[in-house]
Peer 1: 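Sharing a structure here in structure tokens format.
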2 protein chains.
Amino acid sequence: MSTTTTDTNTFDAFDASCPSRRLLDTIGDKWVSLVIAALGTHGRMRYTELSTKISGVSQKMLTQTLRKLERDGLLSRTVTPSVPIRTDYELTPLGHSLLETICHLKAWAEAHMRDVDTARETYDQQRNPPGAVPL
Amino acid sequence: MSTTTTDTNTFDAFDASCPSRRLLDTIGDKWVSLVIAALGTHGRMRYTELSTKISGVSQKMLTQTLRKLERDGLLSRTVTPSVPIRTDYELTPLGHSLLETICHLKAWAEAHMRDVDTARETYDQQRNPPGAVPL
DNA sequence: CAGGATCCTCTATGATACTG
DNA sequence: CAGTATCATAGAGGATCCTG
């Protein structure tokens with residue numbers, strides 16, 4: 001066993017090859033979670049539907065994100081060579097399992113984000129007392 | 001009711017104020033997960049211990065990350081004004097709960113990262129057939 | 001419609017030097 | 001020791017134009 005991070009009890013993502021590290025690299029991406037969430041909520045979606053739903057995303061980022069997720073096997077891409085071409089994206093079973101995992105995060109957020117906000121306010125007030133002189 | 005993302009079943013981080021969105025902004029940070037993991041593994045640690053353990057992190061990033069996590073109430077910072085000053089960092093209960101959540105991610109990674117790797121190989125081989133002419 | 005290719009601009013981060 | 005402040009840079013990401 002050694003100190004490899006593949007052991008169930010020694011997770012620390014210091015090893016760049018540790019799966020948990022690579023997962024963080026994946027879901028840490030700003031758009032990945034949004035695409036997963038969109039497809040998880042709406043099922044099969046077309047390229048334009050995604051770009052509309054995820055307002056603010058550029059073509060470049062959307063395409064780049066979709067390609068990455070397709071490569072990782074998290075979603076499937078189906079091209080229909082009709083007159084105006086049509087492309088559909090859909091979560092694979094693997095993608096759905098990640099969606100569920102993300103929902104665990106959501107549960108934590110819903111349970112504790114209030115605490116985080118309170119902590120922030122307390123911290124900010126201590127560093128920015130009422131009598132502080134503005135620049 | 002409504003489309004608010006605070007509902008348990010309608011998680012989509014499209015709303016920037018959605019807790020799940022802000023959580024992703026937090027754990028998506030490259031160093032956050034490493035600091036949490038380090039403190040989760042070793043308990044109380046000094047500044048230098050952290051910078052040693054998390055090899056490759058700059059002073060700037062480490063300090064910045066620690067401040068952010070302290071502000072969010074995920075870790076506590078204890079300064080001892082001894083001769084050479086001493087500062088200790090430790091996960092708060094809130095920080096520990098996030099550590100547990102991150103472990104859920106780890107579980108997913110360990111269970112499915114092989115599938116992701118396989119998907120990547122398949123994808124790459126299809127786009128880079130053996131007969132492809134290099135540039 | 002669904003992208004590919006470019007250019008360009010910030011921002012995040014690293015390196016360095018200084019301090020209580 | 002544990003930072004703060006400053007400068008420099010790579011790379012992420014946006015805007016734009018073009019095409020099957």
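No hydrogens, no waters, no symmetry mates; every other heavy atom, side chains included, goes into these values.
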Peer 1: Find which nucleotide of DNA chain D each of B:Y89 and A:K60 is nearest to by heavy atoms, and output the residue with the more 5' nucleotide.
Peer 2: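 It is B:Y89, whose closest nucleotide lies nearer the 5' terminus.
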Peer 1: Would you say the side-chain atoms of B:Y89 and B:T78 include a donor-acceptor pair closer than 3.5 Å?
Peer 2: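 On atom types as modelled, these side chains do not qualify, holding no pair under 3.5 Å.
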Peer 1: So, OP1 or OP2 of C:dA2: does either fall under 4.0 Å of a side-chain N or O from A:R86?
Peer 2: no
Peer 1: How long is the line joining CG of A:D29 and C1' of C:dA12, in whole Å?
Peer 2: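 In whole Å, C:dA12 C1' and A:D29 CG are 15 Å from each other.
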Peer 1: Tell me whether the side-chain N/O atoms of B:T48 come closer than 4.0 Å to OP1 or OP2 in D:dA2.
Peer 2: yes
Peer 1: Counting side-chain heavy atoms from C-beta on, which of D:dG3, C:dG14, D:dA2 comes nearest to B:K30?
Peer 2: C:dG14
Peer 1: With rounding to the nearest 0.5 angstrom, report the OG1 to CZ distance, B:T122 to A:R71.
Peer 2: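 If we round to the nearest 0.5 Å, B:T122:OG1 and A:R71:CZ are 11.0 Å apart.
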Peer 1: If you only use heavy atoms from C-beta on, which nucleotide in D:dG14, C:dG14, C:dT16 is closest to the side chain of B:Q59?
Peer 2: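 Among the listed nucleotides, the one closest to the side chain of B:Q59 is C:dT16.
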Peer 1: So, does A:D72 use its side chain to make a donor-acceptor pair with the main chain of A:L74 at under 3.5 Å?
Peer 2: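 No, the answer is negative, given that no donor and acceptor are paired below the 3.5 Å cut-off.
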Peer 1: Would you indicate which nucleotide in C:dG14, D:dC1, D:dG13 comes nearest to any side-chain atom of B:I85?
Peer 2: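 For the B:I85 side chain, the nearest candidate turns out to be D:dC1.
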Peer 1: With a cut-off of less than 4.0 Å, is there a side-chain N or O of A:R46 near OP1 or OP2 of C:dC1?
Peer 2: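 So the side-chain polar atoms of A:R46 never come under 4.0 Å of the phosphate oxygens OP1 or OP2 of C:dC1.
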Peer 1: Under a 4.0 Å N-O cut-off, is there an ion pair linking B:R22 with A:D117?
Peer 2: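 Yes, this pair counts.
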Peer 1: Round to a whole Å and report the spacing from CD of B:Q64 to P of C:dT13.
Peer 2: 7 Å
Peer 1: Quick check for you: among C:dC1, C:dG14, C:dG3, whose closest atom lies nearest to any side-chain atom of B:W31?
Peer 2: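 Among the listed nucleotides, the one closest to the side chain of B:W31 is C:dG14.
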Peer 1: Within this structure, what is the CZ-to-C1' distance between B:R67 and C:dT13, rounded to whole angstrom?
Peer 2: 18 Å
Peer 1: Using whole Å, what does the distance between atom C1' of nucleotide D:dG13 and atom CG of A:L34 come to?
Peer 2: 14 Å
Peer 1: OP1 or OP2 of C:dG3 less than 4.0 angstrom from a side-chain nitrogen or oxygen of A:R77, does that happen here?
Peer 2: yes
Peer 1: To the nearest Å, give me how far apart CD (A:E49) and C1' (C:dA2) are.
Peer 2: 13 Å
Peer 1: May I have the distance from A:D88 (atom CG) to C:dG3 (atom C1'), rounded to whole angstrom?
Peer 2: 15 Å
Peer 1: Looking only at side-chain atoms of A:Y47, point me to the closest of D:dG3, D:dC1, C:dA2.
Peer 2: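 Nearest to the side chain of A:Y47 among the choices is C:dA2.
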Peer 1: Please figure out whether A:L66 or B:M61 has its closest DNA chain C nucleotide nearer the 5' end.
Peer 2: A:L66
Peer 1: In terms of side-chain heavy atoms of A:T87, which of C:dA2, C:dG20, C:dG14 is nearest?
Peer 2: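 The answer is C:dA2.
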Peer 1: Just the rounded figure in Å: distance from P of C:dT16 to CG of B:L62.
Peer 2: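 In whole Å, C:dT16 P lies 18 Å from B:L62 CG.
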Peer 1: Indicate yes or no: does A:D25 engage B:K30 in a salt bridge with an N to O separation below 4.0 Å.
Peer 2: no
Peer 1: Report the C-alpha distance between A:I36 and A:L98 in whole Å, list the side-chain angles of each, state the deciding distance to 0.1 Å, and finish with yes or no for side-chain contact (heavy atoms from CB on, under 4.5 Å).
Peer 2: CA-CA 8 Å; A:I36 300 273; A:L98 180 56; 4.3 Å; yes
Peer 1: Expressed as a whole number of angstroms, how long is the span from A:M45:CE to C:dG3:P?
Peer 2: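 Taking CE of A:M45 and P of C:dG3, I get 14 Å after rounding.
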Peer 1: Select one nucleotide: of C:dG14, D:dC1, C:dG3, the one nearest the side-chain heavy atoms of A:T63.
Peer 2: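 Nearest listed nucleotide: C:dG3.
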